[in-house]
Amino acid sequence: MRKNILRLLALAASAVMLLTGCSAPNGEKAPEETPRQQAAVTAAPEGQAQKTSGVGFYFDTVVTVTLYGADEELLPEIWTLCEKYENLLSKTVIGSDVYRINHAKGEPVTVDPETWNLLKRAKEINEKTGGAFCVTIAPLSAQWDFTHGTNMMPTDEERLAALPLVDDSKLILGENNTVTLPQGMQIDLGGIAKGYIADQGAALAAGRIHGGTLNFGGNVYALGYKPDGTAFNMGLQDPEKSSGSALAVLTKTDISMVTSGIYERCFFVEDVRYHHILDPKTGLPADSDLSSVTILSPSSMDADAYATACVVLGSEKSLELLNGLGMDAVMITRSGELLFTDGFEEEYSFRML
């Protein structure tokens, strides 16, 4: 595993910056002997902001940070922030808030105020999406393996037995930051936590850089401007091609872009694609008409959760939902059609490749 992580870090550090979305699960912490970050400082041409870049491995995800004109303390502070939230919100880190909730056997657990507020927002989005976004989906997601090549999937009997354990309304948020989850249920914040952490990283960097990008494995936050004064380009992944192949480019600043798609973590059995975005109502991969959903929002946390939910809901319900919320999105159907929320093409510089 150590060799694989180092290879990922090296590849990410040398790659040309193309900001595309891909989600990854909240996984176990890397071994202690594995370097958690790599960093580089590039001398700037005269009159331009100096570039500082770094690659870290957190949340089972390669995190890429590029900063222009940053003070020397900012990048280390971003890594400290990543470690803080991994230790707080990962379901596999022993002693994290999520781990303690999942192992409390139905007893109330006192958590950090940030965890409590994040769960509160998750429950609100669960209600607004009619249950399409669900943090109590952990008993179902544990039955599948989309990352280790085992192609593990549940039997119908196992899947149906887990469905009653998936119900965010049973997650009780009490006074004084207490959380109570019925015994047998578990939560997984993989569909919202990285968006929240991207927001915190952007807030930390605001006012301390000329510009930069924070890429949390699919939760991309663009801040300020490049040294030449132009906004950052963010690539829209082509669902039919390999990772890093952009279908279109969006140009915008001070915005997050989050993509959820059925093409990222998946496997095939007898020519049937099984992907990682599960429908909480069935426990099966979502079977809507959408291949991917990309949401642009000042709140990466909200974009993270709603993008996942929209893949479950399908294009018609998603457009109605997002237009009602005033959120900006572009969707790609399984047939390759591009769909936009109201006013999207007027608001963003959008160029097909």
Side-chain angles (χ1 to χ4, degrees), residues 12 15-24 59 61-67 78 125 133 190-203 205-206 209 211-226 230-239 241 243-264 277 290-311 318-319 321-323 325-332 338-353:
V16 175
M17 178 59 71
L18 176 62
L19 304 180
T20 57
C22 63
S23 302
F59 334 110
T61 299
V62 175
V63 180
T64 307
V65 178
T66 303
L67 308 170
I78 290 174
I125 295 174
F133 175 76
I192 193 171
K194 279 187 293 184
Y196 177 77
I197 299 161
D199 288 337
Q200 303 312 304
I209 58 173
T213 57
L214 310 176
N215 188 340
F216 289 77
N219 296 75
V220 179
Y221 217 114
L223 294 163
Y225 297 90
K226 292 184 288 186
T230 61
F232 291 94
N233 292 325
M234 296 183 284
L236 182 67
Q237 173 69 37
D238 188 334
K241 295 184 179 179
S243 179
S245 300
L247 178 69
V249 172
L250 300 107
T251 304
K252 191 72 172 177
T253 191
D254 296 328
I255 199 79
S256 70
M257 184 180 83
V258 181
T259 298
S260 288
I262 67 173
Y263 51 85
E264 296 148 352
I277 302 177
L290 290 175
S291 181
S292 73
V293 176
T294 298
I295 296 180
L296 290 101
S297 170
S299 172
S300 189
M301 172 183 64
D302 283 3
D304 199 358
Y306 279 111
T308 300
C310 287
V311 174
S318 294
L319 286 171
L321 171 67
L322 296 178
N323 284 328
L325 294 169
M327 300 186 75
D328 299 324
V330 53
M331 307 175 190
I332 304 176
L338 270 66
L339 305 173
F340 301 90
T341 50
D342 294 343
F344 184 94
E345 294 172 278
E346 291 75 25
E347 176 70 19
Y348 298 92
S349 173
F350 186 86
R351 178 170 55 90
M352 297 293 295
L353 297 178

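Computed from heavy atoms alone, side chains included, the values below leave out hydrogens, waters and symmetry copies.
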Within this structure, what is the [atom1]-[atom2] distance for the pair [X] and [Y], rounded to the nearest 0.5 Å?
X	Y	atom1	atom2	answer
Thr294	Leu250	OG1	CG	7.5 Å
Tyr306	Ser318	OH	OG	11.5 Å
Asn215	Met257	CG	CE	8.5 Å
Asn233	Ser349	CG	OG	8.0 Å
Asp254	Phe232	CG	CZ	10.0 Å
Thr66	Lys226	OG1	NZ	11.5 Å

Between Phe340 and Phe350, is the ring centroid distance below 6.0 Å?
yes
Sub-3.5 Å donor-acceptor pair from the side chain of [X] to the main-chain atoms of [Y], do we have one?
X	Y	answer
Gln237	Lys241	yes
Thr253	Gly224	yes
Thr251	Ala231	no
Asn219	Val258	no
Asp328	Phe344	no
Thr308	Asp304	yes
Thr61	Val63	no

Check the pair Ile332, Leu247 against side chain to side chain contact (heavy atoms under 4.5 Å, CB included), reporting the backbone distance first and the verdict last.
CA-CA 10 Å; Ile332 304 176; Leu247 178 69; 3.7 Å; yes
Taking the six-membered ring of Tyr348 as reference, does the NZ or CZ atom of Lys252 fall below 6.0 Å from its centre and within a 45° cone about the axis?
yes
Leu236 side chain reached by Val330 side chain, heavy atoms, under 4.5 Å
yes
Can you check whether Leu319 reaches Thr341 side chain to side chain, under 4.5 Å on heavy atoms?
yes
Take Ile255 and Met234, measure what side chain to side chain contact (heavy atoms under 4.5 Å, CB included) needs, and give me the verdict at the end.
CA-CA 10 Å; Ile255 199 79; Met234 296 183 284; 3.6 Å; yes
Identify the two heavy atoms, one from [X] and one from [Y], that lie closest to each other, and give their separation to 0.1 Å.
X	Y	value
Ala329	Leu322	CB-CD1, 3.6 Å
Pro298	Tyr221	O-OH, 2.7 Å
Lys194	Phe216	CD-O, 3.7 Å
Ser300	Gly195	CB-O, 3.3 Å
Leu223	Ala205	CD1-CB, 3.9 Å
Met352	Ala248	SD-CB, 3.8 Å

Could you go through Leu338 and Met331, starting from their C-alpha distance and side-chain angles, then the distance that decides it, and tell me whether this counts as side chain to side chain contact (heavy atoms under 4.5 Å, CB included)?
CA-CA 6 Å; Leu338 270 66; Met331 307 175 190; over 6 Å; no
Starting from the C-alpha separation in whole Å, work towards a yes-or-no answer on side chain to side chain contact (heavy atoms under 4.5 Å, CB included) for Ile277 and Ser260.
CA-CA 8 Å; Ile277 302 177; Ser260 288; 4.0 Å; yes
